[in-house]
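First comes the structure, then the notes that go with it.
Both ligands and their constituent atoms are indexed starting at 1 by order of listing. When a residue number appears, it is its place in the shown sequence, counting from 1.
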Amino acid sequence: MVSSCDRCTKESVIYLRYSGQHLCRDHFLEMIGKRVRKEVRGQGIIRGEQRIAVAVSGGKDSILLLNLLKEIVEPIRAVSLVALTVDEGIDGYRPSSLDIVREQTDRLGVESKVKSYGDLFGMTMDEMVEKSDLGPCTICGIMRRKCLNVMAKDAGCTVLATGHNLDDMAQTILMNVLSADLDRMARLGPHDRSVEGFIRRSMPLRTIPETETYLSAHLLGLPIHELECPYSETAKRGHYRDLMMSAEEVTPGSRHSLLKFQKQLASLISRSDISTSKCPKCGEPVFVGEGKRSCRACTLLGDLEGAHEKETS
Ligand code: SF4
Ligand code: ZN
């Protein structure tokens, strides 16, 4: 039997197990809008900012984020959005999502900038994977972070909004806890202030579970990029996803609790204690605590070039 909405007489489209609510389409979308508005205000995304960078991959989360931010920040006349897209160079996967980005930014009238790993690093992701012993997602994450930081600065932005949902956040927090990585935990966004050279990050969808971002995108008629990255099977993250799902099964609300834990921890760790230096190769910032002089991307590129020289000698 189909249940009706707890707030009106319409048919419910979702049951939220963690809060025990049935909601219809309109009340569900209203709740999503309210949560995102609350995060936008709470994270200070539009405080004094004139240009807000939005990382848009073409996946459901980033497309939803772009649409919601457009609706939320549009009434603030001095603020404009810039969609930043990274083309990693993953054959058979990325090109179709780039089409979605183009179609959505055109429709919304949002400025769009695309940069490829090839443009910035002289090598595609597929080429890097072939030469490196590191896991594809480790390489991809290092390069994407740098690419977005450089792009946001070039676009004159001081804040970068990303489409991380509650599941992404909970998995990352769990990974940091299980590897006792307090430094990474301290650096995890959203950030209340910038650290020299690094663009402040915000995550307006962080309280929304993945099933709900999917349903929102579907109900709003937004395109959903169904293709899976060919490297995703190798991702460690999949194990943490399974762990989180069983925790949620046993104790509904586990993901929210982990997020709350991270928020409490963030208020105890001051970002002013994080110090940076400049990478001697590219001038991008380096966390001093990482014990390296070059940034992680330049270190990785140096290793890849070394591997290439060995192969060709
Ligand atoms: Fe990059 Fe891994 Fe995501 Fe593929 S699954 S886009 S390799 S981070
Ligand atoms: Zn309703």
Side-chain angles (χ1 to χ4, degrees), residues 2-16 19-35 55-63 65 84-101 114-118 120-121 123-149 151 162-165 167-169 171-172 175 184 188 201 203 210 212-213 215-216 219-220 224-242 296-297 300-301 304:
V2 181
S3 312
S4 57
C5 175
D6 287 349
R7 301 190 194 166
C8 71
T9 53
K10 286 190 220 143
E11 222 174 76
S12 83
V13 292
I14 191 166
Y15 172 61
L16 308 178
S19 62
Q21 279 178 299
H22 290 278
L23 294 174
C24 67
R25 178 192 186 276
D26 294 349
H27 280 115
F28 170 68
L29 289 175
E30 183 188 81
M31 177 203 69
I32 295 289
K34 270 191 191 157
R35 284 195 205 157
V56 184
S57 66
K60 64 174 186 335
D61 296 326
S62 62
I63 292 295
L65 174 67
L84 305 182
T85 305
V86 175
D87 176 2
E88 301 92 345
I90 302 176
D91 211 21
Y93 168 65
R94 187 50 79 208
S96 51
S97 66
L98 294 177
D99 293 341
I100 295 179
V101 173
V114 182
K115 213 181 225 351
S116 69
Y117 284 180
L120 200 63
F121 308 119
M123 236 184 267
T124 66
M125 177 64 189
D126 288 334
E127 289 165 340
M128 291 182 203
V129 171
E130 220 166 83
K131 294 195 175 96
S132 173
D133 297 332
L134 290 176
C137 297
T138 306
I139 302 175
C140 195
I142 293 171
M143 297 318 201
R144 188 187 303 109
R145 259 191 300 281
K146 174 160 176 174
C147 206
L148 286 171
N149 204 54
M151 288 177 84
T162 65
H164 292 89
N165 59 45
D167 293 66
D168 299 326
M169 295 301 292
Q171 288 154 19
T172 305
M175 272 156 63
R184 250 172 223 268
L188 185 64
R201 288 190 171 219
M203 285 101 163
E210 183 161 20
E212 294 175 36
T213 59
L215 183 60
S216 306
L219 293 173
L220 291 169
I224 295 175
H225 186 235
E226 299 278 9
L227 281 184
E228 276 251 344
C229 170
Y231 300 118
S232 63
E233 274 184 18
T234 64
K236 248 202 312 188
R237 188 169 275 277
H239 301 295
Y240 294 94
R241 180 177 299 127
D242 295 345
R296 294 185 79 198
L300 177 57
L301 281 176
L304 293 175

With distance as the sole test, does Arg237 use its side chain to make a donor-acceptor pair with the main-chain N or O of Gln171 at under 3.5 Å?
-> no
Hey, what do you get for CG (Leu29) to CD (Glu212), rounding to the nearest 0.5 Å?
-> 11.0 Å
Say whether, by atom type as modelled, one donor and one acceptor occur between the side chain of Thr213 and the main chain of Asp61 under 3.5 angstrom.
-> no
Indicate yes or no for a side-chain donor-acceptor contact from Tyr240 to the backbone of Asp168 under 3.5 Å, with no hydrogens or angles considered.
-> no
Where the side chain of Thr162 meets the backbone of Met203, is there a donor-acceptor pair that is under 3.5 Å apart?
-> no
Donor-acceptor under 3.5 Å (Ser3 side chain, Ser12 main chain) | no
How many angstroms lie between atom CG of Leu301 and atom CE of Met143, to the nearest 0.5 angstrom?
-> 4.0 Å
Enclosure of Glu30 CD (heavy-atom neighbours >12, cutoff 6.0 Å) = yes
Does any N or O in the side chain of Tyr117 come within less than 3.5 Å of the main-chain N or O of Val86, such that one atom is a donor and the other an acceptor?
-> no
Counting N and O atoms only, with roles assigned by atom type, does the side chain of Asp126 sit under 3.5 Å from a partner on the main chain of Asp91, one being a donor and the other an acceptor?
-> yes
Distance below 2.8 Å from the Zn ion (ligand 2): how many protein N/O/S atoms qualify?
-> 4
Nearest protein heavy atom with distance in Å, relative to atom 3 (Fe) of ligand 1 | Arg144 NH2, 4.0 Å
Protein N, O or S atoms at less than 2.8 Å from atom 2 (Fe) of ligand 1, how many?
-> 1
